[in-house]
Amino acid sequence: MRRPFIAGNWKMHKAPVEADALAESLKRALSEMTAADIAVAPTFLAIPAVVGRLRHSNIGVASQNVAVEAQGAFTGEISAEMLKAAGVQYAIVGHSERRQLFGDTDAVVSKKVQACFRAGLSAILCVGETLPEREAGQVEDVVARQLSAGLADLSADQVSTVTIAYEPVWAIGTGKVATPTQANDVHAYIRSWLGRYPSFVARNVRIQYGGSVKGSNAAGLLSQPEIDGALVGGAALSVEDFTAIVKAAT
Ligand code: 13P
């Protein structure tokens, strides 16, 4: 009932010419895979090339971040409105790298989610615990805090359109993937947390897993009942791996 959603976060990789080439290869490799929603998130700089390349394809384009404000004296920022105008559909918000390295607090993440709704971008809200938080038994507390901040002030209808990406920080870029059961348990917790809204919300919200997803482990993760897709980092730069992950989802 929930359509699988696979997104590739290219992080700070691929200058525009290389990004265009990767987009072209993915467009060919994935053209028949219509049973899942698919998106890629290039750097801001490569967005125009990738949007152009993927027009009339089954692959959408996401940004990796958005500014809080729509426009103004905010040096170095790019607004959700500008991204929308450039043909972007989705925005990743609250990625752990932004939270850890660039000061995206829960309050900032909340404003960025609001910015997505203001501009008409679909938000992919990232949540997830660090290793010390997991070891201290705080997974549910951390995820609940991030959800309640990130989804603050949204209507139930709005929440139902958000994608949640559960990305345990200890699994990102480390090759240490959560086991399918570990991931599914947290996804189930997230869905139960969504039970505070009318029931269609928990039924509709798609929850992606992210953290060292590869072609070789995707099937195990994606076959779990509460895992609706993946947010893929490193493996999204490989046409072969990303294709295998999309196949595993469909
Ligand atoms: P890796 O797949 O490289 O672990 O990265 C996951 C991620 O951060 C996606 O947003």
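For ligands, and for the atoms within them, numbers begin at 1 and follow the listed sequence. Being a predicted model, the structure only gives us computed values, none of them experimental. Positions are given from 1 along the sequence. Quick note: numbers below take in every heavy atom, side chains included, and nothing from hydrogens, waters or symmetry partners.
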Please check this pair: side chain of Arg98 against backbone of Val93, looking for a donor-acceptor N/O pair closer than 3.5 Å.
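Such a contact is absent between Arg98 side chain and Val93 backbone.
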Ring centres of Tyr189 and Tyr166 under 6.0 Å apart?
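For Tyr189 and Tyr166, the ring centres are not under 6.0 Å apart.
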Quick one: pull up CD in Gln224 and NE2 in His187 and give me the separation to the nearest 0.5 Å.
9.5 Å
Tabulating one pair per line, provide the atom names and distances (0.1 Å) for every N/O atom of ligand 1 that is less than 3.5 Å from a protein N/O atom.
{"from": "ligand 1", "atom 1": "2 (O)", "to": "Ser212", "atom 2": "N", "distance (Å)": "3.4"}
{"from": "ligand 1", "atom 1": "2 (O)", "to": "Gly233", "atom 2": "N", "distance (Å)": "2.9"}
{"from": "ligand 1", "atom 1": "3 (O)", "to": "Gly234", "atom 2": "N", "distance (Å)": "2.8"}
{"from": "ligand 1", "atom 1": "4 (O)", "to": "Gly173", "atom 2": "N", "distance (Å)": "2.6"}
{"from": "ligand 1", "atom 1": "4 (O)", "to": "Ser212", "atom 2": "N", "distance (Å)": "2.8"}
{"from": "ligand 1", "atom 1": "5 (O)", "to": "Lys11", "atom 2": "NZ", "distance (Å)": "3.2"}
{"from": "ligand 1", "atom 1": "8 (O)", "to": "Lys11", "atom 2": "NZ", "distance (Å)": "2.8"}
{"from": "ligand 1", "atom 1": "8 (O)", "to": "His95", "atom 2": "NE2", "distance (Å)": "2.7"}
{"from": "ligand 1", "atom 1": "10 (O)", "to": "Asn9", "atom 2": "ND2", "distance (Å)": "3.1"}
{"from": "ligand 1", "atom 1": "10 (O)", "to": "His95", "atom 2": "NE2", "distance (Å)": "2.9"}
{"from": "ligand 1", "atom 1": "10 (O)", "to": "Glu167", "atom 2": "OE1", "distance (Å)": "3.2"}
{"from": "ligand 1", "atom 1": "10 (O)", "to": "Glu167", "atom 2": "OE2", "distance (Å)": "3.0"}

Quiz: residues 12-23 side-chain donor-acceptor pairs under 3.5 angstrom, not counting sequence neighbours:
{"from": "Glu18", "atom 1": "OE1", "to": "Ala15", "atom 2": "N", "distance (Å)": "2.8"}
{"from": "Asp20", "atom 1": "OD1", "to": "Arg53", "atom 2": "NE", "distance (Å)": "2.8"}
{"from": "Asp20", "atom 1": "OD1", "to": "Arg53", "atom 2": "NH2", "distance (Å)": "3.4"}
{"from": "Asp20", "atom 1": "OD2", "to": "Arg53", "atom 2": "NH2", "distance (Å)": "2.9"}

CA sep, side-chain torsions, deciding dist, call: Glu167, His95, side-chain contact (heavy atoms from CB on, under 4.5 Å)
CA-CA 8 Å; Glu167 299 207 304; His95 191 279; 3.1 Å; yes
With a 3.5 Å distance limit and no angle check, can you tell me whether Ser79 reaches the backbone of Ala70 through a side-chain donor-acceptor pair?
yes
